[in-house]
Every structure is written in structure tokens, then in C-alpha cells.
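Written below as C-alpha cells is the structure these notes are about.
First listed ligand is number 1; within each ligand, the first listed atom is number 1.
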Amino acid sequence: MIVSALHTAVDENENLKKIGDKLIAAFDSIGFCYIINHGIPQDLIDQMFGVSKIFFDLPTEAKLKCSRPKDIADNNGYVEMGRESLNPERPSDLKEIFNFTPNYAEFWPTKEVPDMKDILNKFYDECKQIAFRILDVFTLGLKLEDRNFLRNSHKNIDCDGNFYYCIKPGQVRCGEHSDFGTLTLLFQDGIGGLEVCNKNGDYIPATPVPGAICVNIGDLMQRWTADKLKATKHWVLIPETEVLKNTGRQSIVFFIDTDDDFVIKCLDGSDKYKPFSTFDYLNEKIAIAYQ
Ligand SMILES: O=C(O)CCC(=O)C(=O)O
Ligand SMILES: [Fe+2]
């Protein structure tokens with residue numbers, strides 16, 4: 001489903017409500033949708049893909065200088081091929097990643113890619129705005145009384161940029177998983193390979209839509225909404241055609257989570273899931289992916 005996110009109606013509230021209903025309809029069925037008119041300049045998205053490619057094309061030693069620390073709770077920096085496995089039952093994912101959160105990421109390739117930090121920070125700010133707008137329409141779609149409840153639980157919104165550039169065929173690029181947080185914003189290039197599990201258990205391609213952000217629900221939001229919204233499983237396969245198979249794929253993924261100390265309790269007042277802390281949940285999932 002394609003949803004237009006920017007306001008076009010005179011009555012902003014009425015318009016937000018309509019968008020909210022559409023988003024909730026998408027997220028309580030397949031758990032994924034595409035958002036257009038999101039307001040992030042295409043030029044900035046192109047610059048993100050540009051610096052990402054320059055970084056991943058650097059020699060390995062240069063990238064390793066920016067490595068993610070061993071501490072599981074510190075999710076910033078470069079992750080080399082073979083270090084993460086989103087489905088731990090498979091061999092490791094065929095991808096490299098650069099994770100970052102502004103003010104936390106310490107290692108930047110300042111000499112090799114001088115404008116990377118600046119572009120990532122600008123992009124982060126844009127993503128944060130659209131993420132808050134989505135949370136606002138969720139508030140209406142979920143009929144929550146406190147209009148600021150979702151915003152206030154994401155005070156230090158923590159979006160990790162996740163970059164892939166894979167060139168070796170053989171394994172899957174990213175094993176079957178559902179995302180861990182509340183919302184994910186995904187920007188993918190034209191190569192394709194992302195597939196989403198439907199209700200019958202079949203994986204169907206989420207074909208890239210130029211200029212659109214692919215948005216999906218993560219585990220925290222599924223538990224928070226007592227399973228109303230779905231954190232759908234997905235994976236990234238290597239395309240079958242000979243040319244695309246040997247072409248690297250880039251994507252940029254922003255994972256939006258509630259604040260570390262925020263306790264997730266079912267919004268409908270049920271006890272479908274016992275209250276749990278965001279920090280504990282995320283660390284447990286990350287530890288499994290990096291074991
Ligand atoms: O690269 C993609 O298309 C999806 C990546 C993904 O699912 C993830 O990093 O959680
Ligand atoms: Fe994912």
C-alpha cells in the first residue's frame with residue numbers, strides 16, 4: 001500500500017486522521033507500506049547513498065578503524081561482513097553495516113570521507129521529523145487519548161543508519177527476521193531482493209518504489225499494541241539474474257525505538273505481554289544477532 005504522508009487538506013487534523021486510518025490498515029494486515037511525499041529531499045537521499053558507497057568501497061583496514069565496539073549495548077560503528085546474523089540459524093548475513101546515532105558514534109572516516117558525518121546527521125534530522133509525523137498519525141489511528149504519548153516515549157529517538165553493500169553471491173543478504181524496535185524506515189536502491197512474509201507464510205517481493213520510503217512495524221510496536229500491528233518477517237535475497245546477482249546492493253535503514261528506560265505495557269490495558277524494558281529487549285535481540 002502507498003500512503004502519502006504530507007498534509008494536503010485544509011483541515012490538518014482531519015487529514016492526519018485519514019492518513020492514520022490508512023497506515024493502521026496497512027500495519028495491522030501486512031505490517032509494511034510505502035510512504036511518498038515524505039518531505040525528505042531526494043538530493044539528500046542521493047548524497048546518503050553516495051557517501052555510503054564511498055565508505056564501503058574503502059580498503060578493509062580503513063573501515064575497521066571505525067569498528068563497532070565489542071560491547072553489545074554500543075551499537076555504533078562499522079560491522080564487517082560475517083559479523084551479524086539476523087537469523088542465527090543461517091550462516092552470517094552477506095552484508096557490511098555502518099550504524100550510527102548522533103552524539104554517540106565516535107569513529108568517523110574523517111580523512112577518507114570528510115562529509116560523511118555531516119550528511120548522516122542532516123539525514124538523521126529529516127528522518128526524525130517524518131518518524132514523529134508517523135507517530136502522530138498513529139496516535140490518531142490508535143485513538144490514544146494523550147496526543148503526545150508516543151512522541152514522549154521517543155524523546156531521545158535513536159535511529160541507526162544501517163548500510164549494506166554486498167558483492168558476494170552464495171548466502172542470503174539478510175536472514176529472516178522481524179525488526180526489533182517500534183518503526184523502521186527503509187530506503188533501498190533499485191537492485192531489489194527484499195521480500196516480506198504474507199499471511200500464508202509466502203515471501204513476496206517488496207519491489208523498490210523510486211522516491212518512496214518503505215515503512216514497517218517492529219517487535220516493540222507489535223507487543224505494545226497487543227498484536228494489533230504486525231512486525232512482519234522479511235529477508236533480503238540475492239537477485240536471480242546474472243547481472244544483478246553480481247551487483248552490490250545498498251540500503252539505508254533507520255530503526256526507531258522507544259527510549260531505553262521506557263517500559264512497554266500493552267496499550268489496550270490487556271496483559272497479553274508482561275511489561276518489559278526497551279533496553280533489555282533490544283540488547284537481548286542484538287546479542288543473538290551478534291553471537
Ligand atoms: O536492506 C533491506 O532491504 C532490509 C534490511 C533489514 O531488513 C534490516 O536491516 O533489518
Ligand atoms: Fe529488517
Side-chain angles (χ1 to χ4, degrees), residues 27 30-35 45 48-49 52-53 55-56 68 75-90 92-101 120 123-124 127 131 158-169 171-198 203-222 229-239 244-245 247-257 281-290:
F27 290 136
I30 186 77
F32 270 74
C33 77
Y34 294 97
I35 293 201
I45 299 175
M48 276 295 288
F49 277 94
S52 167
K53 175 137 171 52
F55 175 77
F56 287 114
R68 180 193 197 283
N75 198 21
N76 287 285
Y78 171 66
V79 178
E80 69 274 23
M81 185 92 76
R83 199 165 159 204
E84 191 186 69
S85 200
L86 279 172
N87 177 354
E89 284 167 20
R90 282 188 181 278
S92 57
D93 296 344
L94 262 178
K95 68 185 180 203
E96 296 171 73
I97 312 171
F98 186 87
N99 285 326
F100 98 107
T101 317
L120 263 60
F123 193 68
Y124 171 91
C127 283
D158 152 60
C159 300
D160 298 339
N162 190 358
F163 305 70
Y164 297 60
Y165 185 62
C166 334
I167 40 174
K168 289 187 196 155
Q171 296 165 294
V172 296
R173 287 183 161 163
C174 178
E176 303 86 327
H177 68 284
S178 53
D179 291 344
F180 311 154
T182 46
L183 275 178
T184 303
L185 308 183
L186 167 74
F187 302 78
Q188 46 176 336
D189 65 11
I191 302 286
L194 173 66
E195 295 193 349
V196 174
C197 191
N198 69 11
Y203 279 84
I204 50 167
T207 309
V209 173
I213 310 177
C214 182
V215 183
N216 64 283
I217 296 295
D219 299 340
L220 292 179
M221 186 63 92
Q222 170 161 340
L229 305 187
K230 307 289 185 304
T232 305
K233 287 215 163 159
H234 49 284
W235 63 355
V236 182
L237 297 186
I238 297 170
L244 290 183
K245 195 191 270 182
T247 311
R249 172 174 185 271
Q250 284 178 272
S251 70
I252 297 163
V253 195
F254 275 75
F255 298 110
I256 297 145
D257 313 322
Y281 185 81
L282 293 181
N283 275 349
E284 197 179 303
K285 297 295 281 190
I286 294 170
I288 294 172
Y290 282 90

Does ligand 1 have a heavy atom under 4.0 Å from the side chain of Phe255, from its backbone, from both, or from neither? side chain
Any N, O or S atom of Cys174 closer than 2.8 Å to the Fe ion (ligand 2): no
Using a 4.0 Å cutoff against the non-hydrogen atoms of His234, which atoms of ligand 1 qualify? 7 (O)
Table please: side-chain donor-acceptor pairs of residues 203-220 below 3.5 Å, with sequence neighbours left out.
residue	atom	partner	partner atom	Å
Asn216	ND2	Asp179	OD2	3.0
Asp219	OD1	Ser178	OG	2.7
Asp219	OD2	Tyr281	OH	2.7

Hey, would you say the Tyr78 and Phe55 ring centroids sit under 6.0 Å apart? yes
Check each atom of ligand 1 against the heavy atoms of His177 and keep those under 4.0 Å away; list them by number with element. 6 (C), 7 (O), 8 (C), 10 (O)
For Gln188 versus Arg249, what's the shortest heavy-atom pair and its separation? OE1-NH2, 2.9 Å
Asp179: numbered ligand 1 atoms lying under 4.0 Å from its heavy atoms: 10 (O)
Minimal heavy-atom distance between Ile252 and Met48, with the atoms involved, is CD1-CB, 3.6 Å
With a cut-off of 4.0 Å, which atoms of ligand 1 are near a heavy atom of Ser251? 1 (O), 2 (C)
Given Arg249, Gln250, Glu176, Lys95, identify the one with the heavy atom nearest to atom 2 (C) of ligand 1. Arg249
Are any of the N or O atoms of Gln188 closer than 3.5 Å to those of ligand 1? no
The atom of Asp179 among N, O or S that is nearest the Fe ion (ligand 2) is OD1
Nearest non-hydrogen partners of Arg173 and Leu237, listed with the distance: CD-O, 4.2 Å
Below a 4.0 angstrom heavy-atom separation, can you tell me which part of Thr184, side chain or backbone, both or neither, approaches ligand 1? neither
Can Glu176 and Asn87 be said to form a side chain to side chain donor-acceptor pair (under 3.5 Å), step by step? CA-CA 5 Å; Glu176 303 86 327; Asn87 177 354; 2.9 Å; yes
Parallel, tilted or perpendicular: which describes the rings of Tyr124 and Phe254, with under 30° parallel and over 60° perpendicular? tilted
